[in-house]
Amino acid sequence: MRSKNWIKRIIYFQERKVYNFYTILGFALFVGGIRTIEEVMLAQRRYYHIDILNNCVFYLLMVFAYTLVVAISSKTDWKKVINAVLIGVFLGIFPPIIDVFVYGLGNFKYSYFVGLPGIKELLFFNYTRGFPVGEGIVLWSTIIFSAYYIHIKTSSYKRSLLGGLGVYVIILLISGMFIPTIASVTAKSIPMRIPSMLVTSIFQLIPVIVFYLILNPQIFANLIKRRLHCLPFVLLTFMGGAVSGGINPFTIFIASMVFYAGLVTLVQNDFFDKEEDSLSGRYSYVTGQDVLFFNTTYLIFVFLLYNVKSMVFLPLILLYIVSVLYNYDFYRAKRFFPANYKIEGIWGLGSFLAGIFSQKSFVFTPEIIVFSFLIFGGWSLVSSFKDYKDIEADKAVGNQTGYIILMKTGLSLKQAHRIVSTVILLCFAVPAIWLFFKNVHILVCVLFPLITIPPLWYVLSQRPCTSTVRNVLVVITIYLFLLLLVVISIYQNNPLPR
């Protein structure tokens with residue numbers, strides 16, 4: 001009875017701690033780091049730096065996976081559960097200590113298993129496939145602890161059993177059968193030679209983000225609603241890949257990274273724009289801890305990609321840097337003209353370059369260099385339309401948007417918007433003109449501008465509100481998608497010289 005009370009006291013004190021993502025990150029780094037040192041000393045395993053990073057990502061995933069299952073099963077606030085879950089994750093430092101006594105110094109190993117599990121893998125006891133006795137004992141202890149915690153909260157044996165089963169399934173999917181297997185297959189399909197462990201780490205980080213969004217449905221709903229802000233940059237990434245060698249599986253992954261970079265920027269924007277948003281009648285549920293989570297997970301992705309023999313990490317880290325400069329109070333480029341629009345231009349350019357750098361080999365031909373400058377300049381101008389819905393709020397906080405600058409010269413909002421709309425339409429006419437100088441069928445040259453430019457003119461002529469900006473984004477996204485199809489057709493038949 002005393003032992004149970006002792007465990008309950010630990011759980012009680014852990015739950016009282018205020019949730020802080022630094023604590024979660026610190027635990028993942030600590031347990032991952034200690035586990036690495038123990039395996040080097042006791043299992044005498046040779047480690048590479050990507051293996052060390054994988055240990056830390058693995059434990060970060062374990063924290064959020066356990067938290068999701070236990071929070072749902074126990075109907076407890078996840079920010080309380082997560083501090084209690086750290087107890088179970090901390091047990092990860094003990095397997096090497098147990099196994100060195102069972103097997104002897106250097107006579108055991110740990111690894112993921114690829115493929116379908118056998119009986120021993122299902123029981124987490126298979127010495128030859130990376131599950132020595134110590135690992136199995138600690139994994140089962142974690143499952144039992146999770147079930148016990150759920151029982152403390154609910155007094156329900158059914159919920160405890162289902163919660164324990166959920167944790168068991170999570171461990172099985174993370175350790176083998178799913179994530180390592182999919183990662184192994186994916187690594188072989190990528191044109192570049194990327195270590196399977198690096199791909200595994202990437203695949204482990206993705207569910208961390210998914211679990212966090214499930215735990216925070218309001219943030220998830222808001223990001224889904226605003227996803228249109230990210231899609232044009234995804235299409236620009238595909239366009240970069242299309243003109244420099246073709247869209248391959250790695251290009252698709254990099255495009256998803258650009259999309260996630262956009263989500264990270266939206267989270268930053270929601271947090272630092274609370275004053276402007278409240279004046280416009282919009283309220284954000286984002287906290288500083290949410291910003292920290294999204295920033296950190298994105299930077300882990302970039303650091304993982306740094307280990308790929310490619311420059312692809314460079315435009316991705318550039319997107320993050322300019323987002324910080326745009327949103328954070330210490331610089332707040334959003335408030336100053338023309339820095340606000342030049343950062344938008346860098347977002348367009350960075351997305352395009354990410355697609356180019358996703359190729360195994362590429363050459364910056366004069367044509368690609370011209371494309372790069374046009375995208376930078378064009379998106380710097382086109383991005384001004386997003387300020388159409390926030391005129392009064394921008395005036396109140398002193399943001400120097402294109403509309404505010406034009407209106408300070410004595411123009412009305414209607415006149416200012418006419419100028420902005422004209423500039424945007426001219427920017428989107430440039431690719432249509434370019435088609436006439438390429439070996440493209442005359443019907444494409446005629447139909448492309450006829451299908452895309454009039455709808456853009458129509459949505460730009462609507463009144464200043466959120467729905468207008470959304471409609472403009474929809475039309476721009478459709479425009480870029482159709483242009484991408486044309487670009488793919490051009491460069492598949494007539495690729496740029498190498």
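Legend: salt bridge (Lys or Arg N to Asp or Glu O under 4.0 Å) pairs involving residues 32-50, not counting sequence neighbours, sorted by first then second residue: R35-E39, R35-E135, E39-R45, R45-D51. Applying the salt bridge (Lys or Arg N to Asp or Glu O under 4.0 Å) test to residues at least two apart or on different chains, the pairs with a partner in residues 136-156 are E15-K153.
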For side-chain hydrogen bond (donor to acceptor under 3.5 Å, both in side chains), just list the numbers for Y260 and T297, CA-CA rounded to whole Å, side-chain angles, deciding distance to a tenth of an Å, and then say yes or no.
-> CA-CA 10 Å; Y260 188 57; T297 49; 2.7 Å; yes

F385 vs V382, side-chain contact (heavy atoms from CB on, under 4.5 Å): CA-CA, chis, key distance, verdict = CA-CA 6 Å; F385 80 90; V382 169; 4.3 Å; yes

What do the steps show when you test Y326 against N269 for side-chain contact (heavy atoms from CB on, under 4.5 Å), and what is the final call?
-> CA-CA 9 Å; Y326 185 84; N269 193 257; 4.1 Å; yes

Would you please test K334 and D329 for salt bridge (charged side-chain N to carboxylate O under 4.0 Å, His left out) and show each step?
-> CA-CA 10 Å; K334 178 180 180 177; D329 290 331; over 6 Å; no

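Between L318 atom CG and S351 atom OG the span is 9.5 Å, to the nearest 0.5 Å. A distance of 12.5 Å separates CG of L165 from OG of S160, quoted to the nearest 0.5 Å. To the nearest 0.5 Å, the span separating NZ on K386 from NE2 on H229 amounts to 6.5 Å.
Contact annotation: the side chain of L42 never approaches that of D99 to less than 4.5 Å [non-hydrogen atoms, C-beta and beyond]. Looking only at side-chain heavy atoms (C-beta outward), F124 and W140 come within less than 4.5 Å of each other. Taking 4.5 Å as the limit, some side-chain heavy atom of C230 sits within range of a side-chain heavy atom of L263. Side-chain contact between F330 and L325: present, with at least one pair of heavy atoms (C-beta onward) separated by less than 4.5 Å. Using a 4.5 Å cut-off on side-chain heavy atoms (C-beta onward), L305 and I254 make contact. P180 has its side chain out of reach of F113: every pair of non-hydrogen atoms, C-beta onward, lies at least 4.5 Å apart. Between L316 and V258 the shortest side-chain heavy-atom distance falls below 4.5 Å. L60 places a side-chain heavy atom less than 4.5 Å from the side chain of L205.
Side chain of N471 to backbone of S467: a donor-acceptor contact under 3.5 angstrom is found. Side chain of Y168 to backbone of L139: no donor-acceptor contact under 3.5 angstrom is found. Side chain of N248 to backbone of T251: a donor-acceptor contact under 3.5 angstrom is found. No donor-acceptor pair closer than 3.5 Å links the side chain of N222 to the backbone N or O of Q218. At least one donor-acceptor pair under 3.5 Å links the side chain of R227 to the backbone N or O of I224. Formation of a donor-acceptor pair under 3.5 Å by the R332 side chain with backbone atoms of F272 is found in this model. Using modelled atom types, no side-chain atom of N54 and backbone atom of I50 make a donor-acceptor pair closer than 3.5 Å. In this structure, the side chain of E121 engages the main chain of G118 through a donor-acceptor pair within 3.5 Å. Distance alone, capped at 3.5 Å, places no donor-acceptor pair between the N216 side chain and the L213 backbone. Without hydrogens or angle criteria, T237 side chain to A255 main chain gives no donor-acceptor distance under 3.5 Å.
A centroid separation of less than 6.0 Å is found between the aromatic rings of Y306 and F313. Between F203 and F253, the gap from one ring centroid to the other reaches at least 6.0 Å. Proximity of the aromatic rings of Y59 and F27 is defined here by a centroid distance below 6.0 angstrom, and this criterion is not met. For Y212 and W78, the ring centers are positioned less than 6.0 Å apart.
Scanning all heavy atoms of the two residues, the minimum distance from M41 to L105 falls at O-CD1, 3.5 Å. Between T296 and L292, the shortest heavy-atom contact is OG1-O, 2.7 Å. Closest non-hydrogen pair, F233 versus G348, comes out as CE2-N, 3.8 Å. Here the closest non-hydrogen pair linking L319 and A261 is CD1-CB, 4.4 Å. Taking each heavy atom of Y149 and S74 in turn, the nearest pair found is CE2-OG, 4.2 Å.
W347 and S383 share no donor-acceptor pair across their side chains, judged by distance under 3.5 Å alone. Defined by atom type and a distance below 3.5 Å, a donor-acceptor pair is missing between the side-chain atoms of Q14 and N83. No side-chain donor-acceptor contact under 3.5 Å links D273 and Q268. In summary, the side chains of N20 and T23 do not present any donor paired with an acceptor at a separation below 3.5 Å, with no hydrogens or angles considered.
Checking F64, Y298, F271 one by one against F293, the ring-ring contact (aromatic ring centres under 6.0 Å, His included) holds for a single residue, F64.
A perpendicular orientation is assigned to the rings of F108 and Y110, their planes being inclined by more than 60° (bins at 30° and 60°).
By the side chain to side chain contact (heavy atoms under 4.5 Å, CB included) test, I174 pairs with F58, L61, M62, A65, I170, I179, Q204, sequence neighbours left out.
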